Peer 1: 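Below is one structure. I have some questions about it.
Order of the sequence lines fixes the chain letters, A, B, ..., with proteins taken first and strands second; residue numbering starts at 1 for each chain. The structure displayed is predicted, hence computed values, not measured ones. Values reported hereafter were calculated over all heavy atoms of this structure, with side chains retained and with hydrogens, waters and symmetry mates removed.
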Amino acid sequence: MVKKTGEASRGEQNYDPGSIEEKWQKAWEKEGFYQAKDPPAGGDKAEKFYVLIEFPYPSGAGLHVGHVRSWSAMDAYARKKRMEGFNVLYPIGWDAFGLPAENYAIKNKIHPSVAVSENIASFKRQIKSLGLSFDWNREVNTTDPKYYKWTQWIFLQFLKKGLAYQADVPVNWCPSCKTTLADEEVLPNGTHERCGAKTEKRMRKQWLLAITKYADRLLEDLKTVDYPEMVAQQQVNWIGRKEGINITYQVLGIKYQVECFTTRPDTNFGATFIVLGPEHPFVASLLSSKFNPSTKLRARVQSAKLEEIRTYVEKAKNKSEIERIAEGRKKTGVFTGFYAVNDLNGKKLPIYIGDFVLGHVGTGAVIGVPGHDIRDFEFAKAMDIPIVRVVVGPDGDTSEITKPEQVQEAAGTMVNSEFLDGLDIMAAKEKIMDHIVSKGWGEKVVSYHLRDWVFSRQHYWGEPIPVVYCANCATNKISNFKFQISNIKGKDYAIVPVPEEQLPVELPYLEQYEPATTGESPLATVSDWVNVACPNCGGKARRETDTMPNWAGSNWYYLAYLFANKLGVQSSKSTREENIFKENQEVISYWIPVDIYQGGFEHTTLHLLYSRFVYKFLFDIGVAPAPEPYAKRRSHGIVLGPDGRKMSKSFGNVINPDEIVKKFGADTLRIYEMFMGPFDQTIAWNEASVEGCFRFLKRVWHLGIIKASAEKTSAGLLQKLQKTIKKVGEDIEWMKFNTAVSAMMEFVNDWQDDKEGLSVQDAKQFFLILAPFAPHAAEELFQRIRNQELGIKEKIRQPRLTWRQPAHHNSVHDQKWPEFDASLLVEKEVTIVVQVNGKVRDVFRGQRSEVRGQKTIEQLAKESAKVQKYLEGKKIKKVVYVEGKLINFVTV
RNA sequence: GCUGCGGUGGUGGAAUGGUAGACACAAGGGCCUUAAGAGCCCUCGUCCGUAAAGGACGUGAGAGUUCGACUCUCUCCCGCAGCACCA
């Protein structure tokens, strides 16, 4: 834009974010202003502060205003911490492996590696236009071989410790696309999100990480960290620790025992049946051709009966999610013909198969106590099994249980239970557990909802799992053989880890990266990559073709930032064993734990739990310094479209941050996103309100130029300034960004109303507290006022900015966070509320020195006609007086 | 069903036991302007009262604790999120 000289000065009076924001962004970047300092050997004692945001997945859709919301807020937080003198680390990187990138690539016919680097470039440009104080020097990218070398290394450590293992697990299979699917690709109705075909479950050998081994610690250590209640509770539920007992029941007539897990052994005298899940091993052996019941039993298990069982089990196993939901909680089942015996009372318990019993929960077999468990009740009703009452609830009902609402699940007193009678259920539980254990009928166990983490994907765009399958090693058990064995199509293979010095196992560049129709990863088709010499015996071997899930790279990225520039310095030919974590111990122990980790609620039981697990493992192998990675976790609410719906292309309600920046500037966008509402709450976008924030900045700008040179700030305005400094500081600390902004708005309103305005010194103070929120405007105003100052004193005609060496010492962002003058906070004038029976009847204002003392106030209050009206003819029973605040007359 | 969070003007929200509705948006009116925009000023919970004064009611519903409750306790209703036939 070309301006005539004469207009320049007038032009500069107007707030024009376009003309200042980029200029400052460049200046800050040039100065490396936001680069965190690693602990200097023995020097600098600046306390560290690690602010972490969840690194973005660089999607093709570009930056979302939701990103902006949380990053701006955390940026304000980080900036304030910096101004308080902390050595702040606020890094960013890219979580770029995984399905979304692969799908985006398939859809747009761009290779994922190309798509990712394009998307990163545009994300970067967008992020940089927001003036966020990220330390770009530490950028990491999970798809960079230098990075995933260490993701693979971590996997090998798991393997070494036996915590990575293979098992047959059900996977989602799309019969139409002929590919395995991740859970997130299957819609809740059981169909494939891309093609809409009904998916199936198939068993497949997968890699698993033994997170359940860490369940207790993941649970226990939640007490040592500061997470929002909702997040901590969700993890507790997800881990789902339950103490109970596995009771063994002898099956009558054959040599077989059924184990049932229960948390309610106290009700065991009321047991009338056993139900096995369709996946239970007894069911399988019953149906297998090898099953050969004794002649005596054959009478009971007729082949017709077996057919019935077979049909039921087949049907149950093939039931889709939809069918189960459609059936609701209706119970079905089939009698096996077998009985087991309850050692407690010698009762015969018929054994059923029912699909409400899940194979993976407990022991996959349930002891049925229909009087005291609603599902058991429903099953008993459906199968016509007797119901026995063994607990009397608080309602004292001792009648026969015939209706679901009579089922006594909670608190009560034992009956019909021999030596337990009369006991409270909790006491009974203790007593019977000891009894059963001492008799050898069962053992106390802890069960978890959490299950081991399936760590394989049959997709292209992920970290290759760094192992090799070698048949020779397996058959010949070459030199101190220590490998796990994998049986593939009937043949044994040794699972040979790729030697650490050969990492990374690079993902080969593939033209055809679509999921293969064999159910294998597309990598399986690359024979010159797959076929490899066994690192152990040198013989012919095959690489693992599965890749890691998209969570793998995000498990440790917050550690990678700490030595981002040292990733992959080693030459690939080296034979030296490296351990980048060990080599960077000093840096890691300086920065860890993360002081505040900010991210979405949706990651609570996924990324957040997984990364805690991985970190604990790193701690156990001696490369991480503390038992928990994140000291504090906070989550942000979602930004919805203007229509109150989730932003989505199909609704056409997506707000593009670029457009807001273009129209109003980054500062307005940042302020609005912080002002829109409480940080952890879901809020709909409102463009009109964005304009309000723009108006606020325009006002600040205007006042900063014309009303910031008073000789002395008036007492009233000065006090307001002190209050605002205090409030803004506290609100940032409490992450109440919305009220911090409104406090500044209040102040600016007062500033505007004030005749004289602020003194230069006081105006600077205001720009300091504005700086974390509107970094560009605050910087520009701060520099202008500074130039003005210098100009007056030193007669330097400096048209621009005093950005001199050491440059950033002049920046508003390198000033000390202002302190408020507590003595000025005390209001000279106070308002005393006069209440009669708690209702406000009058209000006094006056000098604090005058309007004080209960006697004085009581006197004043009683003189008020408004108050008299309500006291007339009443006897005052009590007077409540709060100094400087209120007086309340309580009448009879 | 379980767990967690929430319910306050036309709207987003503020108020952590002491004047409910800060701040902002929307709406209405005015000033300025040839006009538009921008900016500035005023009104703005509901009802009664003539506009003022003044009054009554009011934070999902009901009860309780308290001199005093949006705030604490209990019961219920509704909404959101996560988990869910978890034995």
Peer 1: A side-chain contact here means heavy atoms from C-beta on lying under 4.5 Å apart; do A:L717 and A:E756 qualify?
Peer 2: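 No, side chains not in contact.
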Peer 1: Report yes or no: is the cationic atom of A:K331 (NZ for Lys, CZ for Arg) closer than 6.0 Å to the six-membered ring centre of A:F356, at no more than 45° off its axis?
Peer 2: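 Yes; both conditions hold, so A:K331 lies above the ring face of A:F356.
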Peer 1: Is A:M426 close to A:E430 at the side-chain level, that is, under 4.5 Å between some pair of heavy atoms?
Peer 2: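 A:E430 does not reach A:M426 side chain to side chain.
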Peer 1: Does any nucleotide pair with B:C83 by Watson-Crick or G-U wobble geometry, both distances under 3.5 Å, and what is it?
Peer 2: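 Matched B:C83 with B:G1 under the 3.5 Å cut-off.
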Peer 1: For the P atoms, the ones on B:A15 and on B:G68, what distance do you get once it is rounded to whole angstrom?
Peer 2: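 After rounding to an integer number of Å, I get 25 Å for this pair.
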Peer 1: So, is A:K736 near the phosphate of B:A15, with a side-chain N or O under 4.0 Å from OP1 or OP2?
Peer 2: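 True: A:K736 side-chain N/O within range (under 4.0 Å) of B:A15 OP1/OP2.
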Peer 1: Please name the nucleotide paired to B:G45 by Watson-Crick or G-U wobble geometry with both distances under 3.5 Å, or report none.
Peer 2: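 For B:G45, the partner nucleotide comes out as B:C57, under the 3.5 Å rule.
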Peer 1: Evaluate the side-chain contact (heavy atoms from CB on, under 4.5 Å) criterion for residues A:M647 and A:V65: first the C-alpha distance (whole Å), next the side-chain angles of each, then the deciding distance (0.1 Å), finally the verdict.
Peer 2: CA-CA 10 Å; A:M647 280 190 199; A:V65 286; 3.4 Å; yes
Peer 1: According to ring pair (Phe, Tyr, Trp, His ring centres under 6.0 Å), who are the partners of A:F675, at least two apart in sequence or on a separate chain?
Peer 2: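 Expected list: none.
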Peer 1: Any N/O pairs under 3.5 Å between the protein and nucleotides 24-28 of chain B? List them or say none.
Peer 2:
residue, atom, partner, partner atom, Å
B:A24, OP1, A:N749, ND2, 3.1
B:C25, OP1, A:R695, NE, 3.1
B:C25, OP1, A:R695, NH2, 2.7

Peer 1: Across all strands, who's sitting opposite B:C31 as a Watson-Crick or G-U wobble pair, both distances under 3.5 Å?
Peer 2: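 Because both required distances fall under 3.5 Å, B:C31 counts as paired with B:G39.
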Peer 1: Just how far, in rounded Å, is P of B:C86 from CD1 of A:I245?
Peer 2: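 Checked: the CD1 to P distance equals 21 Å.
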Peer 1: So which protein N/O to nucleotides 2-8 of chain B N/O distances come out below 3.5 Å?
Peer 2:
residue, atom, partner, partner atom, Å
B:U3, O2', A:N237, ND2, 3.4

Peer 1: May I ask you to say what A:Y870 touches in the nucleic acid, namely base, sugar-phosphate or nothing, with a heavy-atom cut-off under 4.0 Å?
Peer 2: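 A:Y870: backbone/sugar contact only, no base atoms under 4.0 Å.
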Peer 1: Would you give me the side-chain donor-acceptor pairs under 3.5 Å for residues 238-248 of chain A, sequence neighbours excluded?
Peer 2:
residue, atom, partner, partner atom, Å
A:R241, NE, A:D216, OD1, 2.6
A:R241, NH1, A:E243, OE2, 2.8

Peer 1: With the sugar-phosphate defined as primed atoms, P, OP1 and OP2, and the base as all remaining atoms, what B/S/- string results for nucleotides 42-49 of chain B, 5' to 3', for protein heavy atoms under 4.0 Å?
Peer 2: --------
Peer 1: With sequence neighbours left out, what residues match A:F773 under ring pair (Phe, Tyr, Trp, His ring centres under 6.0 Å)?
Peer 2: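 Per chain and number, A:F773 pairs via ring pair (Phe, Tyr, Trp, His ring centres under 6.0 Å) with no residue.
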Peer 1: Among the nucleotides B:A20, B:C23, B:A87, which one has an atom lying closest to any side-chain atom of A:S742?
Peer 2: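 Among B:A20, B:C23, B:A87, the one nearest the side chain of A:S742 is B:C23.
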Peer 1: For the residue pair A:T332 / A:Y312, report whether a side-chain donor-acceptor contact shorter than 3.5 Å exists.
Peer 2: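 Note: A:Y312 and A:T332 side chains meet the donor-acceptor criterion.
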Peer 1: Go through the structure and list residues passing salt bridge (charged side-chain N to carboxylate O under 4.0 Å, His left out) with A:K866, not counting sequence neighbours.
Peer 2: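 In terms of salt bridge (charged side-chain N to carboxylate O under 4.0 Å, His left out), with neighbours along the sequence ignored, A:K866 is linked to A:D842.
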Peer 1: Take A:V366 and A:Q752, find for each the nucleotide of RNA chain B with the closest heavy atom, and name the residue whose nucleotide sits nearer the 5' end.
Peer 2: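 The 5'-side residue here is A:Q752.
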Peer 1: Return the nearest nucleotide to the side chain of A:K331; candidates are B:C85, B:A87, B:G18.
Peer 2: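 Closest of the options to the side chain of A:K331: B:C85.
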Peer 1: In whole angstrom, give the distance that lies between atom CH2 of A:W701 and atom C1' of B:A38.
Peer 2: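 The distance from CH2 of A:W701 to C1' of B:A38 comes to 17 Å, rounded to the nearest Å.
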Peer 1: Quick test: give all pairs of protein nitrogen or oxygen and nucleotides 67-69 of chain B nitrogen or oxygen below 3.5 Å, distance rounded to 0.1 Å.
Peer 2:
residue, atom, partner, partner atom, Å
B:C67, OP1, A:K878, NZ, 3.3
B:C67, O2', A:N888, ND2, 3.3
B:C67, O2, A:N888, ND2, 2.4

Peer 1: Would you measure the distance from the P atom in B:G49 across to the matching atom in B:A56 and give it in whole Å?
Peer 2: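 The same atom, P, in both gives a distance of 16 Å.
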Peer 1: Which whole-number value in Å describes the distance from A:E243 CD to B:A87 P?
Peer 2: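 About 13 Å, once rounded to whole Å.
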Peer 1: Can you tell me how far C1' in B:G55 sits from the matching atom in B:C74, rounded to whole Å?
Peer 2: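 The answer is 34 Å between these two C1' atoms.
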Peer 1: What closest approach, in Å, do A:G354 and A:P278 show between heavy atoms, and which atom pair accounts for it?
Peer 2: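 Of all heavy-atom pairs spanning A:G354 and A:P278, the closest is O-CD, 3.5 Å.
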Peer 1: Atom CD1 of A:I239 to atom P of B:A84: distance rounded to whole Å?
Peer 2: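 In whole Å, B:A84 P and A:I239 CD1 are 15 Å from each other.
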Peer 1: Is the terminal nitrogen or CZ of A:R645 (NZ for Lys, CZ for Arg) located under 6.0 angstrom from the six-membered ring centre of A:F651 and within 45° of that ring's axis?
Peer 2: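 Yes - A:R645 lies over the ring of A:F651, closer than 6.0 Å to its centre and within 45° of its axis.
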Peer 1: Per the side-chain hydrogen bond (donor to acceptor under 3.5 Å, both in side chains) rule, what does the pair list look like for residues 671-695 of chain A, sequence neighbours excluded?
Peer 2: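 For residues 671-695 of chain A: A:K663-A:E687.
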Peer 1: Under the side-chain hydrogen bond (donor to acceptor under 3.5 Å, both in side chains) test, which residues partner A:R612, sequence neighbours left out?
Peer 2: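 For A:R612, the residues satisfying side-chain hydrogen bond (donor to acceptor under 3.5 Å, both in side chains) (neighbours in sequence not counted) are A:Q235, A:E628.
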Peer 1: May I have the distance from A:Y672 (atom OH) to B:C23 (atom C1'), rounded to whole angstrom?
Peer 2: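 So the two atoms are 14 Å apart, to the nearest Å.
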Peer 1: Out of B:A38, B:C86, B:G18, which has the shortest distance to the side chain of A:K698?
Peer 2: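 Minimum distance to the A:K698 side chain belongs to B:A38.
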Peer 1: Using the ring of each side chain (for Trp, its six-membered ring), is A:H636 parallel, tilted or perpendicular to A:F679, with breaks at 30° and 60°?
Peer 2: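 Tilted, since the angle between the ring planes falls between 30° and 60°.
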Peer 1: Syn or anti for B:G29, taking syn as within 90° of 0?
Peer 2: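 Nucleotide B:G29 adopts anti.
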Peer 1: Using the closest heavy atom to pick a nucleotide of RNA chain B for each, name whichever of A:R841 or A:P678 lands nearer the 5' end.
Peer 2: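 Here A:P678 is the residue nearer the 5' end.
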Peer 1: If pairing requires Watson-Crick or G-U wobble contacts with both distances under 3.5 Å, which nucleotide is the partner of B:C67?
Peer 2: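 Pairing partner, where one exists within any strand: B:G18.
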Peer 1: Which side-chain hydrogen bond (donor to acceptor under 3.5 Å, both in side chains) pairs, counting each pair once, include a residue from residues 740-755 of chain A, with sequence neighbours left out?
Peer 2: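 The answer is A:R699-A:N749, A:S714-A:D754, A:K720-A:E746.
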Peer 1: What integer number of Å spans the P atoms of B:C32 and B:G37?
Peer 2: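 Nearest-Å result for B:C32 against B:G37 at atom P: 16 Å.
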Peer 1: The side chain of A:I683 is closest to which nucleotide in this list: B:C40, B:G55, B:G13?
Peer 2: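 Comparing B:C40, B:G55, B:G13 against the side chain of A:I683, the answer is B:G13.
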Peer 1: When the P atoms of B:C80 and B:U75 are considered, how many whole Å apart are they?
Peer 2: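 Roughly 23 Å separates the two P atoms.
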Peer 1: With a 4.0 Å cut-off on heavy atoms, is A:V833 in touch with a base, just the backbone sugar-phosphate, or nothing at all?
Peer 2: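 Base contact.
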Peer 1: Does the structure show a Watson-Crick or G-U wobble partner for B:G6, both distances under 3.5 Å? Name it, or say none.
Peer 2: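 Across all strands, the one nucleotide that pairs with B:G6 is B:C78.
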Peer 1: With C1' as the reference atom in both, quote the distance from B:C23 to B:G9 in angstrom, rounded to an integer.
Peer 2: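 Taking atom C1' in both B:C23 and B:G9, they lie 14 Å apart.
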Peer 1: How would you label the contact of A:N738 with the nucleic acid (heavy atoms, under 4.0 Å): base, sugar-phosphate, or nothing?
Peer 2: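 It contacts sugar-phosphate atoms only.
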Peer 1: How many Å lie between CG on A:D731 and C1' on B:A15, as a whole number?
Peer 2: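 Answer to the nearest Å: 12 Å.
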Peer 1: Using whole Å, report how far OH of A:Y249 lies from C1' of B:A87.
Peer 2: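 Those two atoms, OH and C1', are 11 Å apart.
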Peer 1: Output every pair passing salt bridge (Lys or Arg N to Asp or Glu O under 4.0 Å) with a member in residues 721-738 of chain A, not counting sequence neighbours, ordered by first then second residue.
Peer 2: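 Pairs touching residues 721-738 of chain A that pass the test: A:K80-A:E733, A:K81-A:E733, A:K723-A:E827, A:K726-A:E730, A:K727-A:D731.
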Peer 1: Can you tell me the pairing partner of B:C23 across any strand shown, Watson-Crick or G-U wobble, with both distances under 3.5 angstrom?
Peer 2: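 Paired with B:G12.
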Peer 1: In whole angstroms, how far is the P atom of B:G13 from the CG atom of A:L640?
Peer 2: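 In whole Å, B:G13 P lies 11 Å from A:L640 CG.
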Peer 1: A:E54 and A:H607: side-chain donor and acceptor closer than 3.5 Å?
Peer 2: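 No, A:H607 and A:E54 have no side-chain donor paired with an acceptor closer than 3.5 Å.
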Peer 1: Name the nucleic acid region contacted by A:S447, choosing base, sugar-phosphate or nothing; use a 4.0 angstrom heavy-atom cut-off, strictly under.
Peer 2: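 Contact class for A:S447: none.
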